[in-house]
*Asks:* 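Below is one structure. I have some questions about it.
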Amino acid sequence: MDNEFKEDVLAGLRLTQKALSPKYFYDAQGSKYFDQICQLEEYYPYRTELSLLPEVARELQDYFHQQSVDSIQLVEFGAGSLHKVKPVLQELKMVKEFIAIDISGAHLQAASEELAEAFPDLPIKAAQGDFTKPIELAPSDATPMGFFPGSTIGNFDPGEALDFLRNARTTLGKDSYLLLGVDTKKDQQMLEDAYDDSSNVTARFNKNILTRINRELNGNFDLSQFEHVAIYNEELGRIEMHLRSLVDQQVTVAGETFQFKQGETIHTENSYKYHPDEFDELVTAAGWKRECLWLAPDAIFSVMLLHSKEDN
Ligand code: AVI
């Protein structure tokens with residue numbers, strides 16, 4: 001992991017448009033900052049999706065009854081803190097087992113133990129793994145349903161999102177379902193405020209990647225010489241986060257020196273926003289079919305149920 005982090009960071013800083021992968025935001029401090037972001041007034045996706053989920057789960061219960069599905073094997077991808085699955089489990093009584101997959105094993109283990117206290121009768125399994133690749137699930141008689149909330153799919157480029165959807169179909173198999181949270185296109189100011197909040201929590205979250213590089217890769221980034229930038233790229237339909245150098249400067253990481261011009265940026269994250277119909281093109285191309293769509297008031301967030309009917 002250390003070596004992969006080092007190679008990825010060095011390769012990213014050698015690019016003409018310097019870039020770092022957003023997956024490296026989430027060290028212990030970065031995960032804490034992300035939890036703080038979720039509590040911000042400006043960051044609407046977290047609370048909006050959370051308030052939609054009880055209704056979604058109640059309607060799913062009726063939908064599955066109509067489909068004669070009476071038991072579900074629920075599989076959460078990139079499970080993290082397991083906040084979003086609680087309202088689903090509370091309402092969707094036909095879930096017979098829950099499997100949480102995440103790259104960070106330690107965080108997931110603690111969250112699963114807490115979940116087990118709230119749902120003592122539910123078999124819960126925490127599996128450490130890269131959920132973006134196909135995974136072998138333990139055989140089950142229950143109908144598999146994947147769960148990928150939070151619009152984390154928006155942090156993938158459309159090509160990567162398509163790969164994720166295809167791989168999820170392979171993992172979940174024939175006649176499976178996928179419940180997805182997808183953030184929508186909306187007023188530009190609302191989007192930019194969500195990623196550049198007035199308390200500067202997102203700025204600290206973004207800059208923390210430099211602190212991590214300093215600590216783990218013997219870097220000497222001076223955080224006061226970089227500013228957080230979040231802009232909506234309308235053409236590509238995505239929020240872009242960058243760290244912009246305030247001066248001409250040079251920075252050393254793992255013994256290699258990098259030059260920065262004043263105003264030059266490191267691109268740290270994309271967060272794509274999709275109209276439901278636009279997202280449907282990815283869904284169809286990946287072999288899924290959208291069965292249900294839930295929109296929050298003013299269509300500021302969407303949750304959708306996908307179904308794969310045919311064999312993979
Ligand atoms: C995790 N992911 C869905 C968040 C998002 O909204 O793209 C990450 C984030 N970045 C800045 N604020 C939140």
Side-chain angles (χ1 to χ4, degrees), residues 12 15-26 34 37-38 40-50 52 56 77-78 84 131-132 146 148-169 178-197 202-203 205-206 209 228-244 265-290 292-306:
L15 296 171
T16 311
Q17 167 61 70
K18 295 178 172 64
L20 295 168
S21 167
K23 69 179 177 192
Y24 295 123
F25 280 143
Y26 302 93
F34 182 64
I37 287 174
C38 291
L40 292 169
E41 184 57 33
E42 291 112 319
Y43 191 72
Y44 63 85
Y46 178 83
R47 64 166 185 282
T48 306
E49 184 182 47
L50 202 58
L52 258 185
V56 166
F77 298 105
K84 301 273 176 69
F131 63 88
T132 63
F148 196 38
S151 201
T152 303
I153 198 159
N155 296 130
F156 300 147
D157 287 341
E160 294 168 337
L162 184 61
D163 286 346
F164 168 78
L165 290 170
R166 285 196 176 121
N167 290 337
R169 192 167 174 267
L178 179 60
L179 187 65
L180 258 184
V182 182
D183 197 11
T184 54
K185 289 200 161 83
K186 59 183 62 67
D187 172 65
Q188 182 160 343
Q189 195 59 53
M190 185 172 176
L191 280 169
E192 291 185 348
D193 288 350
Y195 291 84
D196 192 7
D197 63 279
T202 314
F205 172 72
N206 196 7
I209 204 166
H228 164 70
V229 180
I231 44 157
Y232 184 60
N233 181 330
E234 194 169 2
E235 199 189 322
L236 297 175
R238 67 189 195 194
I239 280 280
E240 292 181 8
M241 294 210 315
H242 294 255
L243 290 163
R244 183 191 283 144
T265 70
I266 311 174
H267 187 177
T268 49
E269 187 183 57
N270 291 317
S271 194
Y272 282 83
K273 311 299 169 188
Y274 294 97
H275 281 305
D277 289 349
E278 193 180 24
F279 194 78
D280 233 17
E281 289 174 23
L282 292 178
V283 166
T284 311
W288 291 96
K289 182 173 172 290
R290 189 175 79 203
C292 314
L293 172 69
W294 294 266
L295 286 172
D298 299 324
I300 62 167
F301 198 88
S302 69
V303 173
M304 54 189 82
L305 180 72
L306 314 182

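Computed from a predicted model, the values in this text were never measured in an experiment.
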*Asks:* Would you say that more than 12 heavy atoms from the other residues, nucleotides or ligands in this model lie under 6.0 Å from the CD of Gln188, or not?
*Replies:* yes
*Asks:* Apply side-chain contact (heavy atoms from CB on, under 4.5 Å) to residues Glu41 and Arg47 and explain how you reach the verdict.
*Replies:* CA-CA 9 Å; Glu41 184 57 33; Arg47 64 166 185 282; 4.1 Å; yes
*Asks:* Any side-chain to backbone donor/acceptor pair from Asp196 onto Thr202? Under 3.5 Å, distance only.
*Replies:* no
*Asks:* If I take atom CZ from residue Phe148 and atom OG1 from residue Thr152, how far apart are they, to the nearest 0.5 angstrom?
*Replies:* 4.5 Å
*Asks:* If you count the non-hydrogen atoms of other residues, nucleotides and ligands that lie under 6.0 Å from CG in Asn233, is the total more than 12?
*Replies:* yes
*Asks:* Give me the ring orientation class for Phe131 and Phe77: parallel if the planes are under 30° apart, tilted from 30 to 60°, perpendicular past 60°.
*Replies:* tilted
*Asks:* Using every non-hydrogen atom in the two residues, find where Ala285 and Arg166 come nearest and quote the distance to one decimal.
*Replies:* O-NH2, 3.5 Å
*Asks:* Looking at Glu234, I want to see if its CD is surrounded by more than 12 non-hydrogen atoms of other residues, nucleotides or ligands under 6.0 Å.
*Replies:* no
*Asks:* Which heavy-atom pair separates Val182 from Met304 by the least distance, and what is that distance?
*Replies:* CG2-CE, 3.8 Å
*Asks:* Taking all heavy atoms of Glu160 and all of Asn155, pick out the closest pair and write down the distance.
*Replies:* OE1-O, 4.4 Å
*Asks:* Is the backbone N or O of Glu42 less than 3.5 Å from a side-chain atom of Asp193, with the two atoms forming a donor-acceptor pair by type?
*Replies:* no
*Asks:* How close do Leu293 and Pro276 get, heavy atom to heavy atom, and via which atoms?
*Replies:* CD2-CB, 3.9 Å
*Asks:* For residues Val56 and Leu179, report the shortest heavy-atom separation together with the two atoms involved.
*Replies:* CG1-CD1, 4.0 Å
*Asks:* Calculate, to the nearest 0.5 Å, the distance between atoms CZ and OH belonging to Phe301 and Tyr44 respectively.
*Replies:* 8.0 Å
*Asks:* Is there a side-chain hydrogen bond (donor to acceptor under 3.5 Å, both in side chains) between Tyr232 and Lys273 once you walk through the steps?
*Replies:* CA-CA 10 Å; Tyr232 184 60; Lys273 311 299 169 188; over 6 Å; no
*Asks:* Kindly compute the distance separating CG (Leu191) from CZ (Arg238), expressed to the nearest 0.5 Å.
*Replies:* 14.0 Å
*Asks:* Kindly indicate whether the side chain of Leu180, heavy atoms from C-beta on, has any atom under 4.5 Å from the side chain of Leu165.
*Replies:* yes
*Asks:* Side-chain contact, heavy-atom cut-off 4.5 Å: Asp157 with Tyr272?
*Replies:* yes
*Asks:* Can you name the nearest heavy-atom pair linking Arg290 to Leu306, along with the distance?
*Replies:* CA-CD2, 3.9 Å
*Asks:* If we ignore hydrogens and angles and just use 3.5 Å, is the side chain of Asn167 paired with the main-chain N or O of Thr132 as donor and acceptor?
*Replies:* yes
*Asks:* Are any non-hydrogen side-chain atoms of His267 and Leu15 less than 4.5 angstrom apart?
*Replies:* no
*Asks:* Give, for atom NZ of Lys84 and atom SG of Cys38, the distance between the pair rounded to the nearest 0.5 Å.
*Replies:* 6.5 Å
*Asks:* Would you confirm whether Arg169, through its side chain, and Leu178, through its main-chain N or O, come within 3.5 Å as a donor-acceptor pair?
*Replies:* no
*Asks:* Within this structure, what is the CG-CZ distance for the pair Asp183 and Phe279, rounded to the nearest 0.5 Å?
*Replies:* 11.5 Å
*Asks:* Less than 4.5 Å apart, any side-chain heavy atom of Leu282 and any of Ile153?
*Replies:* no
*Asks:* Over 60° means perpendicular and under 30° means parallel, so tell me whether Phe164 and Phe156 are parallel, tilted or perpendicular.
*Replies:* tilted
*Asks:* Students often mix this up, so state it plainly: with edges at 30° and 60°, are the rings of Tyr43 and Tyr195 parallel, tilted or perpendicular?
*Replies:* perpendicular
*Asks:* Check whether Thr184 reaches the backbone of Ala299 with its side chain - one donor and one acceptor, N or O, closer than 3.5 Å.
*Replies:* yes
*Asks:* With no hydrogens and no angle check, do the side chains of Asp280 and Tyr274 hold a donor and an acceptor under 3.5 Å apart?
*Replies:* no
*Asks:* Going by side chain to side chain donor-acceptor pair (under 3.5 Å), His242 matches just one of Thr265, Thr268, Asn206. Which one?
*Replies:* Thr265
*Asks:* Determine whether the aromatic ring centres of Phe205 and Phe25 lie less than 6.0 Å apart.
*Replies:* yes
*Asks:* Might you work through the side-chain contact (heavy atoms from CB on, under 4.5 Å) test for Leu243 and Ile209, ending with a clear yes or no?
*Replies:* CA-CA 10 Å; Leu243 290 163; Ile209 204 166; 4.0 Å; yes
*Asks:* Could you state the interatomic distance from CH2 (Trp288) to CG (Leu305), rounded to the nearest 0.5 Å?
*Replies:* 9.0 Å
